[in-house]
Amino acid sequence: MDSLGTYLKNRRDRVTPAELGLRTYGALRRVPGLRREELAALAGVSAGYYTRLEQGLAETASEQVLDALARALKLDRVETDHLHNLARQRAVSRPSDPGPEEPHPRVLALLESLGAAVPALVLGRRGDVLAWNRTGHALMAGDTDFDAPADPARRPSVPRMFFLDPVTRDLHRNWLELARIHVAYLRLTAGRYPMDARLAGLIGELTMRSDDFAALWATGDVSDCTVGTMRLRHPTVGALSVDYQVWLQPDSPDHRLEIYTPNDPGSADALRILAHQAGQAER
């Protein structure tokens, strides 16, 4: 899991003096991005204090200092929130198992109200599928048992499927683009829930078993996952393109309802075929 110092160094390495209009006077530089003293000066703190902060030796950092560092590093809103989340972590705390997640009855009612026409999934904080409708199942994981989300021990894990399952990888024509988003969102979640032992275990497992995940995790990128496009190569209906939209749940802020809508007439036809097949399977 990230620490504040690790994240600051990662972001510091990715910002060059030229981007910020700093003069280097042709001096030989031994760091890929900003030096510690350069970032400290831009943020208005002493170089000694910033060094202690990056090395994990400073006890705390005020919101003002964190915001100043975020501005100097040109972090966006999500990256800045992640920086604050990391600063709130308590190094003395030990990860704990929060237990299996359960979808709120209201989100399940909303999922049911969508019917078969709109493919949809309910995802937990770690990317576990907590529920899906028949068309969502047929679109994203038709080779998986439809009833698996009801059993916490058998729930499909979208991150595991994405990086460890060749069927899922072959389904997504823009796999690398989506893989970057998955990893960046997982890092954001890890900053929000640093003591979640199951989340830490998932990240450790994927780092050990997938070179692609490890490489993307090493970038340090952070982003939210709310809207985007999936270009699919479906084994039943062929090539199609859908937009995904994520709806957060007020009753369960950790959970997301993800729905899929077609981008073109051919994709709309493909979803109608899947919905029809899913309806027959339910009977």
Side-chain angles (χ1 to χ4, degrees), residues 1-3 6-16 19 32-33 70 73-86 119 121 123-129 136 139-141 156-194 196 199-234 239-248 254 256-261 263 267:
M1 305 287 259
D2 271 346
S3 68
T6 300
Y7 186 65
L8 283 170
K9 183 180 185 307
N10 180 283
R11 298 296 93 179
R12 177 169 63 83
D13 287 345
R14 295 179 60 145
V15 179
T16 65
E19 290 178 69
L73 292 168
K74 296 186 175 299
L75 303 185
D76 62 23
R77 179 189 60 81
V78 174
E79 293 169 328
T80 301
D81 288 345
H82 184 63
L83 187 70
H84 282 270
N85 287 336
L86 294 177
L121 283 67
L123 299 171
R125 72 162 68 155
R126 293 175 290 271
D128 293 333
V129 179
L139 178 67
M140 303 307 301
S157 163
V158 173
R160 286 190 180 93
M161 292 165 61
F162 224 82
F163 288 96
L164 304 180
D165 177 24
V167 174
T168 300
R169 182 163 186 154
D170 189 56
L171 174 67
H172 293 86
R173 291 182 289 154
N174 59 333
W175 182 88
L176 182 56
E177 173 191 352
L178 296 171
R180 293 182 187 278
I181 295 170
H182 275 291
V183 175
Y185 181 75
L186 202 59
R187 174 173 256 108
L188 179 65
T189 305
R192 290 171 176 164
Y193 304 101
D196 185 332
L199 179 59
L202 172 64
I203 293 169
E205 175 190 352
L206 293 177
T207 301
M208 294 297 294
R209 297 181 61 188
S210 169
D211 292 341
D212 290 316
F213 180 90
L216 291 172
W217 185 262
T219 66
D221 288 343
V222 179
S223 71
D224 210 341
C225 178
T226 54
V227 295
T229 299
M230 292 182 178
R231 293 187 290 111
L232 305 175
R233 186 188 301 105
H234 197 275
L240 70 157
S241 176
V242 298
D243 282 339
Y244 64 85
Q245 301 178 56
V246 173
W247 298 84
L248 301 181
D254 294 351
R256 300 169 292 148
L257 175 65
E258 187 164 298
I259 65 173
Y260 306 94
T261 53
N263 281 323
S267 297

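This is a predicted model, so every value here is computed, not measured. Below, all heavy atoms of this structure are taken into account, side chains as well, without hydrogens, waters or symmetry copies.
Exactly one residue among Val242, Thr261, Leu139 makes a side-chain contact (heavy atoms from CB on, under 4.5 Å) with Pro119. That residue is Leu139. Among Val183, Leu178, Leu176, the one residue that satisfies the side-chain contact (heavy atoms from CB on, under 4.5 Å) test with Arg180 is Leu176.
A distance of 7.0 Å separates CG of Leu188 from CG of Asn85, quoted to the nearest 0.5 Å. In this structure, CG in Asp254 is found 12.0 Å from CG in Leu123, a value given to the nearest 0.5 Å. For the atom pair CG (Leu121) and CE (Met140), the distance works out to 7.0 Å, reported to the nearest 0.5 Å. Distance check: Tyr244 OH to Met230 CE gives 6.0 Å after rounding to the nearest 0.5 Å. Note that CZ of Arg14 is 12.5 Å distant from NZ of Lys9, once rounded to the nearest 0.5 Å. Considering CG of Asp221 and CD of Glu79, their distance stands at 7.5 Å, rounded to 0.5 Å.
Heavy-atom minimum distance, Arg126 versus Pro159: O-CG, 3.5 Å. Minimum interatomic distance between Trp217 and Arg187 (heavy atoms only, all atoms of both residues): O-NH1, 2.9 Å. The minimum heavy-atom distance between Ser3 and Thr6, with the atom names listed, is OG-OG1, 2.8 Å. When all heavy atoms are compared, the tightest approach of Gly191 to Leu86 is CA-CD2, 4.3 Å. For the pair Ile181 and Cys225, the tightest heavy-atom approach, listed with the atom from each and the gap, is CG2-SG, 3.8 Å. Among all heavy-atom pairs drawn from His234 and Leu171, the shortest one is CA-CD1, 3.9 Å.
In summary, Asp224 and Arg256 do not engage in a salt bridge, as defined by a charged side-chain N under 4.0 Å from a carboxylate O. In summary, Asp196 and Arg125 engage in a salt bridge, as defined by a charged side-chain N under 4.0 Å from a carboxylate O. Arg233 has a carboxylate O that lies under 4.0 Å from a charged side-chain N of Asp170, or vice versa, which qualifies the two as a salt bridge.
Between Leu232 and Arg173 the shortest side-chain heavy-atom distance does not fall below 4.5 Å. Using a 4.5 Å cut-off on side-chain heavy atoms (C-beta onward), Asp243 and Asn263 make contact.
Side-chain atoms of Asn10 come within 3.5 Å of backbone N or O of Thr219 as a donor-acceptor pair. Distance alone, capped at 3.5 Å, is enough to place a donor-acceptor pair between the Asn174 side chain and the Arg231 backbone.
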Handout entry: Residue pair Leu206, His182: steps toward the side chain to side chain contact (heavy atoms under 4.5 Å, CB included) verdict
Key = CA-CA 12 Å; Leu206 293 177; His182 275 291; over 6 Å; no
Exercise for the section: Verify side chain to side chain contact (heavy atoms under 4.5 Å, CB included) between Asp212 and Trp175, making sure each step is shown before the conclusion. Expected result: CA-CA 11 Å; Asp212 290 316; Trp175 182 88; 3.8 Å; yes
Exercise for the section: May I have the step-by-step check of side chain to side chain contact (heavy atoms under 4.5 Å, CB included) for Leu8 and Leu73, ending in yes or no? Expected result: CA-CA 9 Å; Leu8 283 170; Leu73 292 168; 4.1 Å; yes
Practice task
Applying side chain to side chain contact (heavy atoms under 4.5 Å, CB included), run through Arg160 and Arg209 and close with a yes or a no.
Solution key: CA-CA 10 Å; Arg160 286 190 180 93; Arg209 297 181 61 188; 5.7 Å; no
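Note on ring orientation: taking the six-membered ring where Trp is involved, the planes of His82 and Tyr7 are perpendicular (angle over 60°, cut-offs 30° and 60°). Aromatic ring pairs are classed by plane angle as parallel below 30°, tilted from 30° to 60° and perpendicular above 60°; the pair Phe163 and Phe213 is perpendicular.
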